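This is a predicted model, so every value here is computed, not measured. Values below: all heavy atoms of this structure, side chains included; hydrogens, waters and symmetry mates excluded.
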Amino acid sequence: MFISVLSLIFGLVLILIAAEFFTNGIEEFGRHFSFSQAVVGSIFAAVGTALPETILPVVAIFMYGGASAKEIGVGAILGAPFMLSTLAFFLVGLTVTIAALRKKRNFELKVEAHSIRRDLIFFLLMYSTAIILPLIGGKPLLIPISFALVAGYVFYAYLTFRSESADMEHSEGMYLWRIIQRFMPSLLRPKPPLLVILGQVVLALIVMIKGAHTFVQSLEVISARFGMDPLIFALLLAPVATELPEKFNSVTWTWKGRDTLALGNITGAMVFQSTFPVSVGLIYTDWNITGMALFSAVLAISSALTVLGAITFTKRISPLAMLFGGILYLVYAATLVLR
């Protein structure tokens with residue numbers, strides 16, 4: 001049991017370190033080609049930081065294949081949008097509140113409203129389709145829905161690349177290039193070459209897959225040891241752990257006043273998580289969404305609708321709307337305890 005816990009922690013550490021290096025490399029890739037902050041935040045950073053929780057269900061479903069492993073996979077798929085739209089939103093609102101109380105910034109979120117609104121609309125359409133239509137039409141609709149979700153994300157990415165947005169705000173140097181320059185000070189080139197950027201991204205992805213493999217294996221052992229429902233265990237633990245990159249990046253950007261990057265990182269990840277991972281679940285699992293799994297989806301949709309309503313009717317996002325996500329998470333946790 002002790003070894004399983006250590007293995008779980010080791011896998012998590014690998015995932016988080018690899019995710020940080022992957023995101024850093026993706027951001028440098030964005031700067032290299034002069035992409036806007038909407039593209040970097042909602043596409044590159046979002047997909048990069050979403051990879052840990054995306055890889056987890058894929059590893060669980062394809063590398064283990066048992067009934068409990070597939071339940072862990074479904075739990076991780078559903079848990080990602082739930083945690084993003086509740087805890088991640090809450091942390092952004094909490095960061096704004098604390099920063100405002102410390103006179104570091106105003107009690108408001110300054111975002112590119114059209115970008116965040118587009119993200120939330122796509123999330124609500126894609127995720128609601130994946131949850132509601134299978135309940136109505138059954139298994140014959142699973143494969144058509146999965147293809148529609150992938151097509152929907154491609155269209156979303158196209159619109160994001162075409163949309164107007166400010167230049168990227170994040171200016172942190174690339175980790176691997178800084179390490180290389182430390183050991184080879186004769187390299188005076190300020191910007192890393194594309195080959196080094198791609199090398200960091202690929203190496204980080206390999207480490208992330210290894211970490212996810214270890215994490216899923218340990219998660220299955222521990223959940224069985226405590227007699228927990230693997231799906232519920234995955235809904236609560238796996239997404240909280242693997243979404244630390246999104247939460248960490250978003251809190252940091254919010255504290256610095258880079259709100260479009262902070263919120264775009266979350267909402268862009270929500271769009272991604274409601275399409276590609278859900279498609280895998282639709283095709284390769286029974287996708288029987290009931291009970292607490294269905295409840296988590298309803299709460300995720302409710303939180304996204306709250307923020308979308310704030311943007312639509314007030315043309316801005318109040319930190320209070322973000323803090324509401326924390327209340328929804330507490331409702332879910334309390335319901336789980338009562339059961």
Handout entry: I136 CD1: over 12 foreign heavy atoms closer than 6.0 Å
Key = yes
Practice task
Measure the CE-OG1 distance between M322 and T95 for me, rounded to the nearest 0.5 Å.
Solution key: 9.5 Å
Exercise for the section: Indicate if F313 and I121 have the same hydrophobic cluster label, given that clusters are the connected sets of ILVMFWY residues with side-chain heavy-atom separations under 4.5 angstrom. Expected result: no
Handout entry: Main-chain N/O of L176 paired to Q200 side chain as donor or acceptor, under 3.5 Å
Key = yes
Practice task
Please find out if less than 6.0 Å separates the ring center of Y329 from that of F90.
Solution key: no
Practice task
For residues 304-323, pull every pair meeting side chain to side chain donor-acceptor pair (under 3.5 Å), keeping only residues two or more places apart or in separate chains.
Solution key: none
Practice task
Please work out whether the ring planes of Y153 and F276 are parallel, tilted or perpendicular, with thresholds of 30° and 60°.
Solution key: perpendicular
Problem - Verify same cluster id: L305, L109 (apolar side-chain graph, 4.5 Å) - result: yes
Handout entry: Check: S7 side chain, I3 main-chain N or O, donor-acceptor pair, under 3.5 Å
Key = no
Practice task
For the residue pair F35 and F161, categorise the inter-ring angle as parallel (less than 30°), tilted (30 to 60°) or perpendicular (more than 60°).
Solution key: perpendicular
Handout entry: Crowding at CZ, R118 (>12 non-hydrogen neighbours, <6.0 Å)
Key = yes
Exercise for the section: Answer whether the closest heavy-atom distance between the side chains of V298 and S302 falls below 4.5 Å. Expected result: yes
Handout entry: Result of checking T160, T267, D119 against S42 for side-chain hydrogen bond (donor to acceptor under 3.5 Å, both in side chains)
Key = D119
Handout entry: Nearest heavy-atom neighbours spanning I131 and I289
Key = CD1-CG2, 4.4 Å
Practice task
Report yes if some heavy atom in the side chain of T285 is under 4.5 Å from a heavy atom in the side chain of I77; otherwise report no.
Solution key: no
Handout entry: Non-hydrogen atoms of G25 and I197 that approach each other most closely
Key = O-CG2, 3.4 Å
Problem - F10 atom CZ, over 12 foreign heavy atoms within 6.0 Å - result: no
Problem - For V307 against F89, the heavy-atom pair lying closest together - result: CG2-CE2, 3.5 Å
Practice task
With sequence neighbours left out, write down each residue that passes salt bridge (charged side-chain N to carboxylate O under 4.0 Å, His left out) with K110, or none if nothing qualifies.
Solution key: E108
Exercise for the section: Supply the atom-to-atom distance L6 CG to T214 OG1, rounded to the nearest 0.5 angstrom. Expected result: 12.5 Å
Fill in the blank from the handout: Between the CZ atom in F295 and the OG1 atom in T335, the distance rounded to the nearest 0.5 Å is 4.0 Å
Handout entry: Minimal non-hydrogen separation, S128 against I301, with atom names
Key = OG-CD1, 3.6 Å
Handout entry: Straight-line distance of F82 CZ to Y127 OH, nearest 0.5 Å
Key = 9.5 Å
Exercise for the section: With the side chain counted from C-beta on, respond yes when L320 and F107 share a heavy-atom pair under 4.5 Å apart, and no when they do not. Expected result: yes
Practice task
Determine whether R105 and T254 make a side-chain contact, defined as any pair of heavy atoms from C-beta on separated by less than 4.5 Å.
Solution key: yes
Practice task
Say whether, by atom type as modelled, one donor and one acceptor occur between the side chain of W255 and the main chain of K104 under 3.5 angstrom.
Solution key: no
Practice task
Examine I132 and F147 and state if one hydrophobic cluster contains both, with Ile, Leu, Val, Met, Phe, Trp and Tyr joined whenever side-chain heavy atoms are less than 4.5 Å apart.
Solution key: no
Practice task
Return yes when atom CZ of F33 has more than 12 non-hydrogen atoms of other residues, nucleotides or ligands closer than 6.0 Å, and no otherwise.
Solution key: yes
Handout entry: Gap separating the NZ atom of K139 from the CH2 atom of W287, nearest 0.5 angstrom
Key = 13.5 Å
Handout entry: Side-chain (S303) to main-chain (G325) donor-acceptor, under 3.5 angstrom
Key = no
Practice task
Please test I116 against I317 for side-chain contact (heavy atoms from CB on, under 4.5 Å), starting from the C-alpha separation and ending with a verdict.
Solution key: CA-CA 10 Å; I116 305 303; I317 303 176; 4.0 Å; yes
Practice task
Would you name the heavy atoms of S279 and V150 that are closest together and state the gap between them?
Solution key: OG-CG2, 3.6 Å
Problem - Gap separating the CG atom of L94 from the CG atom of L323, nearest 0.5 angstrom - result: 6.5 Å
Problem - hydrophobic_cluster_shared for F155 and I43, side chain cutoff 4.5 Å - result: yes
Handout entry: Shortest non-hydrogen contact from S85 toward P81
Key = OG-O, 2.7 Å
Practice task
Take V278 and M126, measure what side-chain contact (heavy atoms from CB on, under 4.5 Å) needs, and give me the verdict at the end.
Solution key: CA-CA 9 Å; V278 170; M126 299 295 102; over 6 Å; no
Handout entry: Stepwise side-chain contact (heavy atoms from CB on, under 4.5 Å) check, M270 with F122
Key = CA-CA 9 Å; M270 288 166 61; F122 267 92; over 6 Å; no
Exercise for the section: Answer yes if L14 and Y175 sit in the same cluster of Ile, Leu, Val, Met, Phe, Trp and Tyr residues linked by side chain heavy atoms under 4.5 Å apart, and no otherwise. Expected result: no
Problem - Side-chain donor/acceptor of S274 to backbone N/O of V271, under 3.5 Å - result: yes
